[in-house]
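Structure record follows, encoded as structure tokens.
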Amino acid sequence: MSNTNIRIAVQKSGRLSDDSLKLFKECGIKFESGGSKLRSISSNFPIEFLFLRDDDIPGYVEDGVADLGVIGLNVLEENRKEVEIVKELGFSKCRLSLAIPRNEVYTDLSYFEGKNIATSYPNLTNNFLKSKGITAHTHEISGSVEIAPSIGLAEGICDIVSTGGTLLSNGLKEVAEVFKSQAVLISNNSLTSEKKSILEKLTFRIDSVQRGQNAKYVVLNAEEKNLEKIIALLPGMKSPSRVPLAEKGWYSLHSVISENDFWEIIESLREAGAQGILVLPIEKMIL
Ligand code: ATP
Ligand code: MG
């Protein structure tokens with residue numbers, strides 16, 4: 001057994017950190033985190049965690065100080081480094097949007113022609129406006145961007161939005177989406193073959209956890225005469241399991257359905273005669 005560890009950089013504390021740690025714990029990786037800890041070696045998987053400011057993560061991965069990193073796509077694309085995006089992680093979803101004072105009349109992007117826009121994302125903002133044929137001036141500021149219009153620094157802003165609550169409470173309205181973001185797993189471009197094989201084990205586990213999160217285990221009862229119709233509605237991993245009940249002419253069907261069309265399928269199942277429908281979470285799904 002070799003004692004190579006793969007080194008991964010995750011955000012120390014912020015909007016990426018809780019879900020990052022949760023994901024690795026759901027992958028069965030044991031490690032200590034929290035408090036003032038800046039490094040942690042797993043006791044049951046060849047991985048070492050570095051806990052850092054998110055801004056530093058892409059650079060560390062590019063340099064090879066860390067082999068892997070978890071970072072928001074917005075930060076990565078703003079300041080593109082030579083790293084590989086291994087996979088989208090599906091959390092820390094947000095968007096970079098243009099916003100203006102609520103009482104301004106807005107018709108289209110030409111509103112921004114010749115205007116000043118305050119943002120922490122000048123590259124993404126400029127690229128977007130340029131692609132739409134608009135010339136505006138960006139003012140880079142590193143935080144509290146929402147305050148810029150009310151203090152006369154800029155006419156509009158381009159900032160991260162998830163619910164829009166912060167914009168609203170600062171008297172702003174969102175008028176155009178510039179970039180959609182979520183957390184991604186990145187890797188150094190030249191991992192050794194040993195590290196590549198650790199990464200493969202890690203992504204196999206992440207895939208299994210993600211499939212489980214997008215799926216529900218469904219158990220239901222059905223009368224024999226309705227079976228065919230109900231089975232047609234249940235895709236399952238192969239096909240649904242069919243178990244006879246103690247009561248003659250009745251069956252229990254077990255299957256897996258996707259979170260996306262969950263309610264639609266449940267309604268159709270009821271219409272087709274399904275009874276006593278149980279829906280259970282799936283922890284992991286290995287294909
Ligand atoms: P650090 O102290 O590590 O530099 P930060 O203050 O720069 O942290 P956070 O606010 O923790 O960054 O956000 C980290 C990332 O989380 C953002 O770059 C973005 O990808 C995502 N994010 C930001 N705001 C939200 C939100 N409201 N909802 C979901 N995800 C968000
Ligand atoms: Mg940061």
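Counting convention: from 1, in listed order, for ligands and their atoms alike. The structure displayed is predicted, hence computed values, not measured ones.
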Among K87, K201, K284, whose salt bridge (Lys or Arg N to Asp or Glu O under 4.0 Å) with D207 holds?
K87

Regarding atom 30 (N) of ligand 1: of the candidates S120, S92, S13, which has the closest heavy atom?
S92

For atom 6 (O) of ligand 1, is the nearest protein heavy atom closer than 4.0 Å?
no

Under a single-linkage definition using a 4.5 Å side-chain heavy-atom cutoff for Ile, Leu, Val, Met, Phe, Trp and Tyr, are L89 and I198 assigned to the same hydrophobic cluster?
yes

Verify the cluster assignment for M285 and L234: are they in a single hydrophobic cluster under the rule of side-chain heavy atoms below 4.5 Å apart?
no

Nearest protein heavy atom to atom 15 (C) of ligand 1, by residue and atom, and its distance?
L16 CG, 3.7 Å

Region of D54 engaging ligand 1 - heavy atom pairs below 4.0 Å:
both

Of all the non-hydrogen atoms in the protein, which one sits nearest to atom 22 (N) of ligand 1, and at what distance?
C94 SG, 3.8 Å

In ligand 1, which numbered atoms sit nearer than 4.0 Å to a non-hydrogen atom of S162?
26 (C), 27 (N), 28 (N)

Per-atom contacts, ligand 1 versus I160 - under 4.0 Å to a heavy atom
23 (C), 24 (N)

For atom 17 (C) of ligand 1, the closest protein heavy atom turns out to be N74 ND2, 3.7 Å

Are I85 and I57 in one and the same hydrophobic cluster, where Ile, Leu, Val, Met, Phe, Trp and Tyr link if side-chain heavy atoms are under 4.5 Å apart?
yes

Side-chain heavy atoms nearer than 4.5 Å, only ILVMFWY residues, links allowed to pass through others: does that put L52 and V75 together?
yes

Can you see which heavy atom on I134 is nearest to which on F112, and at what distance?
CG2-C, 3.9 Å

Taking only non-hydrogen atoms of G14 and a 4.0 Å limit, the atoms of ligand 1 in range are 11 (O)

Other residues, nucleotides and ligands only: do more than 12 of their heavy atoms fall within 6.0 Å of CD on E113?
yes

Any donor-acceptor N/O pair, N188 side chain to V61 backbone, under 3.5 Å
yes

Where ligand 1 meets V75 - atom numbers and elements under 4.0 angstrom, heavy-atom basis:
18 (O)

Heavy-atom pairs closer than 4.0 Å: do any link ligand 1 to the side chain of K93, the backbone, both, or neither?
backbone

What protein heavy atom lies closest to atom 25 (C) of ligand 1? Include the residue and the distance to one decimal.
R15 CD, 3.3 Å

Out of all atoms in ligand 1, which are within 4.0 Å of some heavy atom of G72? Include the element for each.
20 (O)

With clusters defined by side-chain heavy atoms of hydrophobic residues (ILVMFWY) lying less than 4.5 Å apart, directly or transitively, does W263 cluster with L269?
yes

Rounded to 10 degrees, the angle OD1 of D55 makes with OD1 of D54 at the Mg ion (ligand 2):
80°

Side chain, backbone, both or neither: Q11 near ligand 1, heavy atoms under 4.0 Å:
side chain

Where is the nearest protein heavy atom to atom 1 (P) of ligand 1: which residue, which atom, and how far?
R53 NE, 3.1 Å

Only one of F31, F49, F45 clears ring-ring contact (aromatic ring centres under 6.0 Å, His included) with F24; which?
F49

